[in-house]
Every structure is written in C-alpha cells, then in structure tokens.
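These notes are about the structure you will find just below.
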Amino acid sequence: MWLAASVFTAVCFGINNTLLKWSTRHSMSKQHIQFYFYVVAFFIMALYGWMTKSLHPSVASIVLGAFIGICNATGNIQMSRAFEKGPASLTAPLIAVNAIFPVLAAGMVFGEHIPLLHWIGVLCMLCSAAIIQYTPKAKGNYEYIPWLIHIGMAIVSFGAVGVLMKWCSVIGIGSLDLLTAMYGGGGMYLFWNCRNTMIQKRELRLGTAVALFSVIGFSCYLYALNQGVASIVFPIVSLNCLVVVVLGCYLFKEKLKSYQLIGIITALFGLILTKL
C-alpha cells in the first residue's frame, strides 16, 4: 500500500505542477496561487480535524509543520525565479537533485538498510527525473550568479522538506497535525509576500483546485513515509515530472522527445528494481 501511496503522491504533485504550468501560459501569478492553495488547504485540514476531533496540535507539530510549509513555499518561489534567471535546460534537472538528500538521510540518519539492488533502482529513478525535465537548446539572456543562488536555495528548501517530513514520521507527529501546521505556516509566510496586492479571482479558483490535490498528495506522502521505506518513497515522488510530461502531451499537444521516452523507461526500470 505504501508503494501505491507513493505513486499516487507523484500523480497528485504532477497534476499540481501541470496546473501551475497552465497558469504560466495564462500569465497568472504562481505566488498568489500558492497563497490561495495554502489558505484553502489549511481550512480544509482544520475543519476536518475540528469535525472529527482528531486535531491535537503540539509545540513540535506546530513548529516543524510551519517550517516545512515555509521551506516548501520558498522552494517553489526560488524555482520560479531560477527559471527566470537561467537556462531551463539545466534548472529543472539541477533542482531535481534535491531528492538525493532525503534518500541519504534515510540511510545515514534514520538507519534504513538499502540493498544494492534498491540503490540501483533509486539512482535510475533520480537520473530519469533529471532526463525527463531536460530541455536542450533553450535560449535567453541569463544571469548566472543569481540563477545559481536561486537553484541552491531551491535544492536546500526542497531537500529540507523531505528530511523533516521523514523526521516527523519517526518521532510520531500525526499527519493531520503536521499538515495543518504546514499549510498554516506556509500560508502566513506567503501572505506576508502578497500583502500589498489585490485578490485575483482566477488565481483563487486555481489555488483551490491545487489545494485539493495537495491535501490528498501530502496525506499519501506522509502515509508512505510512515509505512514504507523512505529511501524508495522520495525517488518515486520525484517522478511527478513524468506526470507533467504525459499531461503536457495530452493537454498542450507537446511531443514526447526521444530522451524523455528513455527517461520514462529508466524510471519504470528503477521502480521494478525497488520491488525485487
């Protein structure tokens, strides 16, 4: 079940990234969309917890959850800025490297045993994530120092999210408590960034849709981390880019490149190896 939850997480995150990609084509603000989806998701989780009386926040869950929310929001913001400053052909693959940090933490910090065959599968999935997102011959005027800074901050932010979520599952923080604090903390952080701008109805509607997929995705993510092997969960989740590619072919009439097909085959091969 935890493997299926990992795959479903990748699907939900992939759908969200596709929606954000669609929003870019329609000149919508990703920062506003993020703010609205954090706020809507917070109210969904808080309302569910209140109705079921299953919300039991603690100092640890509030602090760690809020920090995870801020890191995730920061990572998305820095990734968007990196795309504006440097070549897309390298930005996405470099940021995808963040998955290696929680994988290493799972083995070195949390004491998970990773067989050699599983290591090969993990590396296959990480490499495929970079291959699928690679876009050669991208053109533009680049500012390399700011670009590298934004990439570095995105890698650190996304890597911290994975490691902290695994840590929270290890010390027994409940999924509902963690997610409520995560959306609340991220929402407050984004509100500060958007405080001087007007409410946009288009971003609000799209942010609500993203919130629903985010709640489902992160719930499956935490379940997978609690029940499964984190060193395998993280690479599978990083394959959300595969979902973006497939949906892009269907929705935006994009053609699947030969190297992306190789990346998809490599990802499936890596997934098979982790089950042996």
With a 4.5 Å cut-off on side-chain heavy atoms, are [Y] and [X] touching?
X    : Y   : answer
T208 : F37 : no
L247 : N17 : no
L212 : I44 : yes

Fellow cluster residues of L47, listed by chain then number, with links counted only when side-chain atoms sit under 4.5 Å apart: W50, M51
Other cluster members, F8 - Ile/Leu/Val/Met/Phe/Trp/Tyr, side-chain contacts below 4.5 Å: I216
Looking at [X] and [Y], what are the two nearest heavy atoms and their distance?
X    : Y    : result
Y221 : G162 : OH-CA, 4.3 Å
Y38  : M182 : CE2-O, 3.8 Å
A160 : C71  : CB-SG, 4.2 Å
L225 : V233 : CD2-CG1, 4.0 Å
A230 : P235 : O-CD, 4.3 Å
C168 : L178 : SG-CD1, 3.7 Å

Could I get the full list of side-chain hydrogen bond (donor to acceptor under 3.5 Å, both in side chains) partners for [X], not counting sequence neighbours?
X   : answer
N16 : none
Q31 : none
Q34 : N76
T74 : Y189

Qualifying ring-ring contact (aromatic ring centres under 6.0 Å, His included) pairs, either residue in residues 149-177, two or more places apart: none
Full working for side chain to side chain contact (heavy atoms under 4.5 Å, CB included) between I236 and L3: CA-CA 9 Å; I236 292 175; L3 188 64; 3.2 Å; yes
By side-chain contact (heavy atoms from CB on, under 4.5 Å) - contacts of [X] (at least two apart):
X    : result
V170 : F110, K166
I120 : L116, C124, L273
M153 : Q78, I149
Y48  : T52, S54, L176

Spatial distance of atom [atom1] ([X]) from atom [atom2] ([Y]) [nearest 0.5 Å]:
X    : Y   : atom1 : atom2 : value
I173 : H56 : CD1   : NE2   : 14.5 Å
R205 : M28 : CZ    : CE    : 7.5 Å
S214 : M45 : OG    : CE    : 9.5 Å

Stepwise side chain to side chain contact (heavy atoms under 4.5 Å, CB included) check, L19 with S23: CA-CA 6 Å; L19 289 173; S23 71; over 6 Å; no
Is [Y] reachable from [X] through a run of hydrophobic residues whose side-chain heavy atoms are each under 4.5 Å from the next?
X    : Y    : answer
M188 : V161 : no
F67  : V156 : no
V215 : L204 : yes
L206 : F43  : yes

Mutual orientation of the aromatic rings belonging to F191 and F35 [parallel < 30°, tilted 30-60°, perpendicular > 60°]: tilted
Aromatic contact, F13 with F213 (centres under 6.0 Å): no
Pair F218-L222, side chain to side chain contact (heavy atoms under 4.5 Å, CB included): steps then yes or no: CA-CA 6 Å; F218 271 110; L222 285 171; 5.6 Å; no
Would you say [X]'s side chain and [Y]'s backbone share a donor-acceptor pair under 3.5 angstrom?
X    : Y    : answer
N240 : V237 : yes
S157 : N72  : no
Q227 : W2   : no

Evaluation steps, side chain to side chain contact (heavy atoms under 4.5 Å, CB included), between V210 and Y36: CA-CA 9 Å; V210 172; Y36 296 134; over 6 Å; no
Under 3.5 Å, sequence neighbours excluded: what are the donor-acceptor pairs made by side chains of residues 57-66?
residue: S58; atom: OG; partner: S61; partner atom: N; Å: 3.2
residue: S58; atom: OG; partner: S61; partner atom: OG; Å: 3.4
residue: S61; atom: OG; partner: S58; partner atom: N; Å: 2.9
residue: S61; atom: OG; partner: S58; partner atom: O; Å: 3.0

